[in-house]
Amino acid sequence: MRVRAALLRTGSPILQLWWRIRRPTTFGVKALLRLEDGRFLVVRHSYADTRRWAIPGGGYNPDRETPAQAAAREVYEELGLTVPASAFRLVDTAVTTLQGKHDTLTILTAFAFDDALHLSAEIAEARWVKNLQELADAPLSKWLLRALVE
């Protein structure tokens, strides 16, 4: 698993450079997962900005799946959690060019049935927290903050 994480870290800057040159149109999802006790999930990715706390997610093809289906898939792939697509609710949609690509990003939220996580190589660390103060002064993803405000 460490080899895959190292490959992700190495490949991420190359991919971002490619996006700046090519400027593709992409679609992505971010998933804010909550538990009944009020905790929510934050993750640190093993590639790109590894210090920043964020929410899980990834890219998808809108011809093949809906944002909710993509969120369910990403949550399973990255965290080993099974959350049905029907459980996800829309929080916000944004269009961004942050990484050089034209990305339509959909933020969704759902309640998880279980807090046991099985992290993929994409995730360096994951925590269930009650509030952002538990993360001290760590940098936070713009999308995490946006998901919590909505």
**Q** Hey, is the main chain of E122 close enough, under 3.5 Å, to the side chain of S46 for a donor-acceptor pair?
**A** yes
**Q** Can a donor-acceptor pair be found, under 3.5 Å and without considering hydrogens, that links the side chain of W128 to the backbone of D115?
**A**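 A pair under 3.5 Å: yes.
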**Q** I would like to know whether E78 and H45 meet side-chain contact (heavy atoms from CB on, under 4.5 Å); could you show each step before the answer?
**A** CA-CA 10 Å; E78 293 182 1; H45 290 92; 4.2 Å; yes
**Q** In terms of hydrophobic clustering (I, L, V, M, F, W, Y; side-chain heavy atoms under 4.5 Å; direct or indirect links), are L144 and V129 co-clustered?
**A** yes
**Q** For E65 and N61, indicate whether the former's side chain and the latter's backbone hold a donor-acceptor pair under 3.5 Å.
**A** no
**Q** How close do V75 and A31 get, counting heavy atoms only, and between which atoms?
**A** CG2-CB, 3.8 Å
**Q** State whether the side chain of R89 and the backbone N or O of S86 hold a donor-acceptor pair below 3.5 Å, judged by distance alone.
**A** yes
**Q** Please examine the side chains of E134 and N131, heavy atoms only from C-beta on, and report whether any two atoms are closer than 4.5 Å.
**A**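 SC-SC contact between N131 and E134 confirmed.
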**Q** Using a 6.0 Å cut-off, check whether atom CZ of F111 has over 12 heavy atoms from anything other than its own residue.
**A**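 More than 12 within 6.0 Å, yes.
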**Q** How far apart are the closest heavy atoms of R39 and D37, and which atoms are they?
**A** NE-OD2, 2.8 Å
**Q** Counting C-beta onward and ignoring hydrogens, is there a side-chain heavy-atom pair between T106 and Y60 closer than 4.5 Å?
**A**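 A side-chain contact under 4.5 Å exists here.
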**Q** Do Q69 and F88 pass the side-chain contact (heavy atoms from CB on, under 4.5 Å) test, and can you show the C-alpha distance, the side-chain angles, and the key distance before you say yes or no?
**A** CA-CA 9 Å; Q69 289 168 331; F88 283 94; over 6 Å; no
**Q** Between R73 and E77, is there a side-chain N and carboxylate O pair less than 4.0 Å apart?
**A** yes
**Q** Between T109 and L32 (side chain of the first, backbone of the second, donor and acceptor by atom type, cut-off under 3.5 Å), is there such a pair?
**A**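 A pair under 3.5 Å: yes.
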**Q** Can you confirm whether W53 sits close enough to L132 that some side-chain heavy atom of one is under 4.5 Å from a side-chain heavy atom of the other?
**A**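 Side-chain contact under 4.5 Å: no.
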**Q** Using atom types as modelled and distance alone, determine if a side-chain donor or acceptor of R44 lies under 3.5 Å from a backbone N or O of T50.
**A**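 Pair found, side chain donor or acceptor close to backbone of T50.
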**Q** For the residue pair A87 and A110, what are the closest heavy atoms and their distance?
**A** O-CB, 3.5 Å
**Q** Give a yes or no on whether L33 and Y76 share a hydrophobic cluster (residues Ile, Leu, Val, Met, Phe, Trp, Tyr; joining criterion: side-chain heavy atoms under 4.5 Å apart).
**A**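 In one cluster: no.
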**Q** What are the two closest non-hydrogen atoms of V83 and A72, and how far apart are they?
**A** O-CB, 3.2 Å
**Q** Looking at every non-hydrogen atom in both residues, tell me the closest pair between L35 and A112 and how far apart they are.
**A**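 Closest heavy-atom pair between L35 and A112: CD2-O, 3.6 Å.
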**Q** Sort out for me which residue in V43, V29, L81 forms a side chain to side chain contact (heavy atoms under 4.5 Å, CB included) with P56.
**A**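 That would be V43.
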**Q** Working note: I107 + R146, criterion side-chain contact (heavy atoms from CB on, under 4.5 Å); need CA distance, chi angles, decisive distance, verdict.
**A** CA-CA 9 Å; I107 303 171; R146 194 163 177 169; 4.2 Å; yes
**Q** With rounding to the nearest 0.5 Å, note down the distance linking CZ in R52 to CH2 in W143.
**A** 12.0 Å
**Q** Kindly give the heavy-atom pair with the smallest separation between L108 and P67, and that separation in Å.
**A** CD1-O, 3.6 Å
**Q** side-chain contact (heavy atoms from CB on, under 4.5 Å) between I55 and L41: does it pass, once the steps are laid out?
**A** CA-CA 7 Å; I55 50 181; L41 185 70; over 6 Å; no
**Q** Hey, what do you get for OG1 (T93) to CG (L105), rounding to the nearest 0.5 Å?
**A**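 So the OG1 of T93 and the CG of L105 are separated by 8.0 Å.
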